[in-house]
Amino acid sequence: MNRTLAIAAATLLGAAPLASQAPASAAPQSAVKFPAPLKVFDPSFIDTSVSACTDFFQFANGAWLNRDTIPPAFSSSGVTKDMNDRNELVVRSVLEDAMKNRSRQPAGSTARKLGTFYASCMDSTRAEQEGIEPIRFELERISAVTSRSALVQEITRLQPMRANVLFSYFPEVDPKDATHYMASLNQGGLGMPDRDYYTKTDSASAALRAKYVAHVARTLTLAGEPEADARAQAQRVMALETELAKSSMTRVAMRDPNATYHKVAIADLQTMASSIDWPVYFRSLGVSTTPAYVDVGQPDFFKRAGELVATIPLEDWRAYLRYHLVSAASPWLSTTFVSEDFGYNALYSGARENLPRWRRCLRATDSRLGEALGQAYVAKTFSPQARALARQVIDDIRASFLDRINNLSWMSDSTRKYALAKLAQMNEKVGYPDKWRDYDKLKVTEGGFAGNILRANAFAWQRVVDRPGKPVDKTEWGMTVPTVNAYYNPSMNEMVFPAGALLPQTFDASGDLASNYGSLGGSWAGHELTHGFDDEGRHFDAAGNLKDWWVPSDSVKFTEQAQKIVDQFAGYVQVDTLHVNGQLTLGENIADYGGLLTAYDALERALNRTGDRRVINGYTPEQRFFIAYAQSWREHSRPERLRSRVFTDPHAPARWRTNGPVSNMASFAKAFNCKPGDPMVRPAAVVPQIW
């Protein structure tokens, strides 16, 4: 699940100390004003002028939509933004206290590093004074590239700095041996959001390409290149990236995990892309022993990348590296760089103004020191009791999914045995890590933020770079604790629910049972569990290995039913004349549908256990379940964001994530007394039967 394109990071209790931090009582806490708590089920959002059987999303959220205005700094508003707003206010109070009190903390303590990091980011005066200086040395190194070997060395140097150059390296869990990490190489190096922006021939795509070239030219000019030279270099950057895009796999093609797994011996990789000395590359990155094998995600891309490294003029490569370095650093440089970076990205988000500096600094700190923040955040927002109650909902979801597997008429006993084993071994992480990350080796200094960012990036890189061949750390979290999101990891066969997502409007430990099962159960827990059995997750076994455990005839039946979901969502309009990409969004749509079916079963299980079938605000438990589900997708998006998501986002728009699943469910029709022929009642012949 990814409710926002950029993953961001509540009842407030007393503050608790960070690791190595003095008690909170040692200094006054920041006075941050918090908005009224959100509700999992909010009757004031409902538009009773719309029939639930005609447009359920509009019925459940229409009154809110009619009065909502998207703030200028955002591309959308709704549940994720509202929850992020509250979470970030909590985190802001932690960071401001850490910043004010950092000199009182022991040198080298996590608390001091946290406050110093945030303080250096908030020092806008210094950023204005420094301008391009924080990266001037790196720009000079790029200008000194005069050989192919020096080019590869510079690419190797820039990748750990989070500069998006040529391709990416990262140690991933070996898809065929989930107990060990493996060196993984994947396509990359594009400045536009997706390869399709380079290859599509329509006028809108052509216009965006022209705007990208102009943006590259302006960025290079800001970095000190003469205007005429910058314009010429921008054209070279576009030409080079277009060649990379032509060899890049589409996002739809990459949804097949077998299509992106290619275990290649290092000698064969050297033949594939001979212009790169791969043993030298890995040693330069910090990998102590050259990997014997590498997972090359897209072999055709790497063949072409090797050719381009050998043949494209070095002048073009210098322009390309120069732009991508400045682009990566722009958010943390002076205002002219920040404004140029924001202005270009707004073409895809639709945001009208940048976030305030404190929010940008907060997100940078959460990204780099997230688990240091997480400890204080949990103490302020998420009690052990809430964690236990969230687990109860998740456990009911698991039990209900087990029943669904056992009762599938289309699945053979052989496949069923493996499916049940996978469910039984599926792990769940709820709220926060049991073991927090150690930041002792991270160096943070008073002064310029760019230096702290570079050191934080290097710290994160060194923590993982030498993992190939080593045992997998199953305690690791892929999201920080305040994040309003969740995920399923097929290689670990685990669901992960950060505390930031386990608060109202998603979940209320003291709230209505039916609403919690609709929101947390349907759009979160049931959704993530079903990802283990969607069109991608089903290819991984109980241990997390990429392995075909399906009887061929069952696989055919699954694919036939999945096509019904593809067809259903391809019929929905995303924005203007653009339709939802049914293939790209298939996995999320399967997870939404299967998750909601399972959550409804779990609700009935809970109602039978508690006997609590009260009518609240005029709605039955079943109706509140579905309304809470729809309100968990409450969202209002700018058209620019919706257009870019057609090409880049595997999630359908919120309206269809609501109306799509419920219109397939007889239990929904029964709850709201919908009749055949109503828009929210699809004919039985086209309703998919998967999980």
Side-chain angles (χ1 to χ4, degrees), residues 1-3 255 393-411 415-416 418-420 422-424 426 428 486-490 493-495 497 517-540 542 549-550 554-555 557-569 582-605 625-626 628-630 632-633 650-652 654 656-668 682 684 686-691:
M1 170 183 286
N2 181 0
R3 290 174 172 249
R255 286 195 54 76
V393 176
I394 296 167
D395 288 345
D396 279 347
I397 293 290
R398 295 174 73 107
S400 297
F401 199 81
L402 184 149
D403 288 345
R404 298 195 75 84
I405 292 175
N406 278 324
N407 289 291
L408 287 175
S409 59
W410 59 265
M411 180 174 280
T415 302
R416 193 186 325 275
Y418 282 98
L420 291 171
K422 180 169 186 176
L423 177 63
M426 187 180 291
E428 62 191 48
Y487 66 92
Y488 172 77
N489 183 338
N493 191 23
E494 66 177 8
M495 304 177 283
F497 304 95
Y517 277 77
S519 181
L520 174 58
S523 66
W524 294 84
H527 175 99
E528 299 306 336
L529 187 151
T530 307
H531 266 316
F533 303 88
D534 69 11
D535 65 309
E536 286 186 285
R538 76 183 190 90
H539 294 288
F540 292 82
W549 46 270
W550 289 70
D554 290 346
S555 187
K557 292 172 185 175
F558 179 97
T559 303
E560 289 173 348
Q561 294 302 313
Q563 186 60 43
K564 291 185 178 182
I565 295 182
V566 172
D567 296 340
Q568 177 185 0
F569 280 82
Q583 287 287 355
L584 179 61
T585 60
L586 177 58
E588 299 296 334
N589 296 334
I590 290 175
D592 285 341
Y593 182 34
L596 190 59
L597 286 168
T598 305
Y600 186 85
D601 295 346
L603 170 66
E604 293 302 319
R605 179 186 300 272
F625 168 89
F626 284 111
Y629 174 77
S632 77
W633 295 119
H651 304 79
W656 305 126
R657 297 189 74 173
T658 300
N659 289 355
V662 303
S663 64
N664 288 325
M665 295 177 62
S667 53
F668 168 80
R682 300 182 72 234
V686 298
V687 170
Q689 303 294 330
I690 302 184
W691 300 111

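Basis for what follows: all heavy atoms, side chains included, without hydrogens, waters or symmetry-related copies.
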Practice item. Would you check, one step at a time, whether the test side chain to side chain contact (heavy atoms under 4.5 Å, CB included) holds for I394 with F497? Key: CA-CA 10 Å; I394 296 167; F497 304 95; 3.8 Å; yes

**Study point:** Check against side chain to side chain donor-acceptor pair (under 3.5 Å), D601 and S400
**Key:** CA-CA 6 Å; D601 295 346; S400 297; 5.4 Å; no

Exercise for review: With side chain to side chain donor-acceptor pair (under 3.5 Å) as the test, would you mind laying out the steps for Q568 and N664 before giving the verdict?
Suggested key: CA-CA 10 Å; Q568 177 185 0; N664 288 325; 3.0 Å; yes

Point to revise | Steps toward side chain to side chain contact (heavy atoms under 4.5 Å, CB included) verdict (I405, L423) | key: CA-CA 9 Å; I405 292 175; L423 177 63; 4.2 Å; yes

Practice item. Using the side chain to side chain contact (heavy atoms under 4.5 Å, CB included) rule, take E428 and E528 through it: C-alpha gap first, then chi angles, then the decisive distance, then the call. Key: CA-CA 10 Å; E428 62 191 48; E528 299 306 336; over 6 Å; no

Review point. Do R538 and S555 pass the side chain to side chain donor-acceptor pair (under 3.5 Å) test, and can you show the C-alpha distance, the side-chain angles, and the key distance before you say yes or no?
Key: CA-CA 10 Å; R538 76 183 190 90; S555 187; 3.1 Å; yes

Review point. Would T585 and I565 satisfy side chain to side chain contact (heavy atoms under 4.5 Å, CB included), going step by step from the backbone distance to the final call?
Key: CA-CA 9 Å; T585 60; I565 295 182; over 6 Å; no

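The distance from the CZ atom of F569 to the OH atom of Y593 is 10.5 Å, given to the nearest 0.5 Å. Here the straight-line distance linking atom CD of E604 with atom OH of Y517 works out to 11.5 Å at 0.5 Å rounding. Between T559 atom OG1 and I690 atom CD1 the span is 9.0 Å, to the nearest 0.5 Å. Atom-to-atom distance recorded for M495:CE and N489:CG is 12.0 Å, nearest 0.5 angstrom. Note that the CG atom of L586 and the CZ atom of R255 stand 6.0 Å from one another [nearest 0.5 Å]. Rounding to the nearest 0.5 angstrom, the gap separating the CG atom in L584 from the CG atom in N589 is 9.5 Å.
Closest heavy-atom contact between S632 and S523: OG-OG, 2.9 Å. Closest approach of D403 to R605, counting heavy atoms only: OD2-NH2, 2.6 Å. The two residues A419 and M411 come nearest to each other via the heavy atoms CB-SD, 4.4 Å. Taking all atoms of both residues into account, the shortest heavy-atom contact from R682 to P688 is NH1-CD, 4.1 Å. Scanning all heavy atoms of the two residues, the minimum distance from L596 to P661 falls at CD2-CB, 4.0 Å. Minimum interatomic distance between F540 and P490 (heavy atoms only, all atoms of both residues): CD1-CB, 3.6 Å.
For the side chain to side chain donor-acceptor pair (under 3.5 Å) test, residues two or more places apart in sequence or in another chain that qualify with N659 are D55. Evaluation of the ring-ring contact (aromatic ring centres under 6.0 Å, His included) rule for F401 yields F533, W691 as partners, not counting sequence neighbours. Residues meeting the ring-ring contact (aromatic ring centres under 6.0 Å, His included) test with Y600, sequence neighbours left out: F625, F626.
Using a distance-only test at 3.5 Å, with no hydrogens or angles considered, a donor-acceptor pair links the side chain of N493 to the main chain of A542. Using modelled atom types, one side-chain atom of Q561 and one backbone atom of Q689 make a donor-acceptor pair closer than 3.5 Å. R398 places a side-chain N or O within 3.5 Å of a backbone atom of M426 that can act as its donor or acceptor partner. Judged purely by atom type and a 3.5 angstrom limit, R416 uses its side chain to pair as donor or acceptor with the backbone of L408. W549 places no side-chain N or O within donor-acceptor distance of the main-chain N or O of T415, the cut-off being under 3.5 Å. Judged purely by atom type and a 3.5 angstrom limit, W410 has no side-chain atom pairing as donor or acceptor with the backbone of F558.
When each of L520, D534, D592, I397 is checked for a side-chain contact (heavy atoms from CB on, under 4.5 Å) with H527, only D592 meets the rule.
Residues Y487 and E494 have side chains in contact (heavy-atom distance under 4.5 Å, counting atoms from C-beta outward).
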